[in-house]
Protein chains: 2
Amino acid sequence: MDALIRRLSFYSDLDDADRADLATLRGTIRNFRAHSEIITAGQEMDAVLVMREGWAARFKTLEDGRRQILNILLPGDIFDLQVLVAAEADHSVVTVTDGSLYAVAPAAVRKMLAGSGPLTMAFWWTQVQEEAFLREQIVRNGRQTAQERIGHLLLELHRRAQIVDQASADAMPLPLTQTQIADTLGLTPIHTNRVLRRLVRAGLIEMNRQWIRFLAPDRLAEMCDFDPGYFHLDAFRMRLARR
Amino acid sequence: MDALIRRLSFYSDLDDADRADLATLRGTIRNFRAHSEIITAGQEMDAVLVMREGWAARFKTLEDGRRQILNILLPGDIFDLQVLVAAEADHSVVTVTDGSLYAVAPAAVRKMLAGSGPLTMAFWWTQVQEEAFLREQIVRNGRQTAQERIGHLLLELHRRAQIVDQASADAMPLPLTQTQIADTLGLTPIHTNRVLRRLVRAGLIEMNRQWIRFLAPDRLAEMCDFDPGYFHLDAFRMRLARR
DNA sequence: CGGCGAGTTGAAGAGCTTCAAGCCTGGTGG
DNA sequence: CCACCAGGCTTGAAGCTCTTCAACTCGCCG
């Protein structure tokens, strides 16, 4: 549960008792291969799933096959806390890479959420953050140009990867295909490709099939109006300090 | 707290004790006029706000003034449950009409959430639903045409208004301006206008500045691939029955 | 070595935006 | 009481971003 501990610790200083509580939540580990559909919309859920290793993507498809990725899931991300109250999934999840996840019994999670300690608050936090990612996704796809969207998404993923120790200061693994990026940003793969090439030619990024390097992160951030305030990282630490 | 009770009751059968608990949550009533900014991004939050009467809209603006509405708030909607863990708002809220809201102390809400009764579950539910609305908004704006987006949004609002008794079977008050609809759907007001007129000419809807009537709801729903499954209404009732 | 998935590039076309102008309605003040 | 003004709605015309259709390349795995 390394990525999860790492992520929760980012918000809340967990002591040994908290870590022990977290251990009891662990549940079973399930491995998965790339491109497998872990959850299918309409399916009845029976466990809370937590990403352990690898990347995945929430998505919905329209009748005629158009696909929209809602959010990318990184290690440490929790999906379907909604299983606690909802019977069926309203969207699907597909894996991007090989990896593994924890499947936790809803009852254990519900018990943990009834508490009020640092662990509970940290969990709440991941949910608040997840919602902020969705909101940012709406702004990006609703009001930004293709170039801005791509830059913004890449910077968000980089920051999120850093939080769980999966990225260096100016580079990270990027296992997404250009089609997946396009489906995230409401674009066609063709246009996504053209814009990515343009960013490379402009000397802003460098990339291959598995990695991306940010050559001028500040210029990129300014170009696409990226302000990581919605991560609420500082705010939370301030609040902790205040208690 | 009529709309809130109405909404929570839709998911969970609240008995008198639950209603009494809810009453203690009531907090203070604040009135507002149309077009006032209730919450400004970056502002520190001190209360959980619940819509009582009137409509509002969450939104974010980019540096250069482009505006994106994230979600429309109807009576019974709860905003900023995130105040429980986050210090500052990451988006703004502006009112659409005159109205009023409840301001509830975070401590009271936190206590309520630590429970596990029908009231707590119903609150969780509103949050799950809210997240589903955000996801649907992403699909709409990412992969649907202007005409589909508009039809889909109108049908969603109608369904939500019905839940809190603010709409009849085929009509509802619609206080949004075309510019606000455009800002919700990532379109220009000009194009929004053109498409709305087209829907009217096609005999699908009838509207004026304050009202909309659905003349052929089924045809409209089919045209824009509207499936209210993401409201999770049935799923929840099933789960309740199962306990 | 053959084939498949992913990436790349070109050319034509559609949907939506931008710029521009006029209209309608409700509220305000002389 | 009515003229005026502002905000919202409506319509036209031109233009740009992104899409669609098409073809070709590259790298990898069987």
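Below, read A as the first sequence line, B as the second, and so on, with proteins coming before strands; counting in each chain starts at 1. Since we're looking at a predicted model, the values are computed, not measured.
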* Residue pair A/V94 / A/I38, side-chain heavy-atom distance below 4.5 Å -> no
* Nearest-Å distance for atom pair CD/P, residues B/Q144 and C/dG15 -> 15 Å
* Atom-to-atom span, CZ of B/R149 to P of C/dG15 - whole angstrom -> 13 Å
* **5' precedence on DNA chain C between A/T179 and B/A146 (nearest-nucleotide basis)** => A/T179
* Strictly by modelled atom types, are B/E130 and B/N71 linked by a side-chain donor-acceptor pair under 3.5 Å? -> yes
* Structure fact -> Winner on side-chain proximity to B/H191, out of C/dA6, D/dC18, C/dC16, is C/dC16
* Structure fact -> Closest heavy-atom pair, B/T192 versus B/Q178, reported as atoms and distance to 0.1 Å, is CG2-O, 3.9 Å
* Asked: Taking NE2 from A/H35 and C1' from D/dC29, how many angstroms apart are they, rounded to a whole number?
  -> 13 Å
* To do: Report the C-alpha distance between A/H91 and A/F59 in whole Å, list the side-chain angles of each, state the deciding distance to 0.1 Å, and finish with yes or no for ring pair (Phe, Tyr, Trp, His ring centres under 6.0 Å).
  => CA-CA 6 Å; A/H91 60 277; A/F59 70 96; 8.6 Å; no
* Asked: Is there a donor on the side chain of A/R194 or the base of C/dG7 sitting less than 3.5 Å from an acceptor on the other?
  -> no
* Asked: Distance-only, no hydrogens or angles: does the A/R213 side chain make a donor-acceptor pair with backbone N or O of A/A171 under 3.5 Å?
  -> no
Give each protein N/O atom lying under 3.5 Å from an N/O atom of nucleotides 20-26 of chain C, with the pair distance.
none

* Is a side-chain donor or acceptor of A/S92 paired with a backbone partner of A/K60 at a separation under 3.5 angstrom? -> no
* To do: Could you tell me how the ring of B/W125 sits relative to the ring of B/H232: parallel (under 30°), tilted (30 to 60°) or perpendicular (over 60°)?
  => perpendicular
* In whole angstroms, how far is the P atom of D/dG8 from the CG atom of B/D183? -> 11 Å
* Could you verify whether a donor N or O on one side chain and an acceptor N or O on the other, from A/R7 and A/Q129, lie under 3.5 Å apart? => yes
* Hey, what's the ring geometry for A/Y230 with A/H152, parallel, tilted or perpendicular (30° and 60° as the breaks)? -> parallel
* In whole Å, what is the span from the CG atom of B/L187 to the C1' atom of C/dC16? -> 8 Å
* Phosphate OP1/OP2 of D/dT17 contacted by A/Q147 side-chain N/O (<4.0 Å) -> no
* Asked: Any idea which of C/dT17, D/dC9, C/dG7 is nearest the B/N193 side chain?
  -> D/dC9
* Asked: Whole Å only: how far is the CG atom of A/L196 from the P atom of C/dG7?
  -> 9 Å
* To do: Please work out if A/R197 contacts a base, only the sugar-phosphate, or nothing of the nucleic acid, heavy-atom cut-off 4.0 Å.
  => sugar-phosphate
* Does the cation-pi check pass for A/R160 over A/F133, that is, NZ or CZ under 6.0 Å from the six-membered ring centre and within 45° of its axis? -> yes
* Checking only heavy atoms, does the side chain of B/R66 share a donor-acceptor pair with the base of C/dT17 at less than 3.5 Å? -> no
* Starting from the first five and the last five pairs of the helix from C/dC1-D/dG30 to C/dG30-D/dC1, work out the angle between the resulting helix axes, to 10 degrees. => 30°
* Nearest-Å distance for atom pair CG/C1', residues A/N141 and C/dC16 -> 16 Å
* What is the distance, rounded to the nearest whole Å, between atom CD of B/Q178 and atom P of C/dC16? -> 16 Å
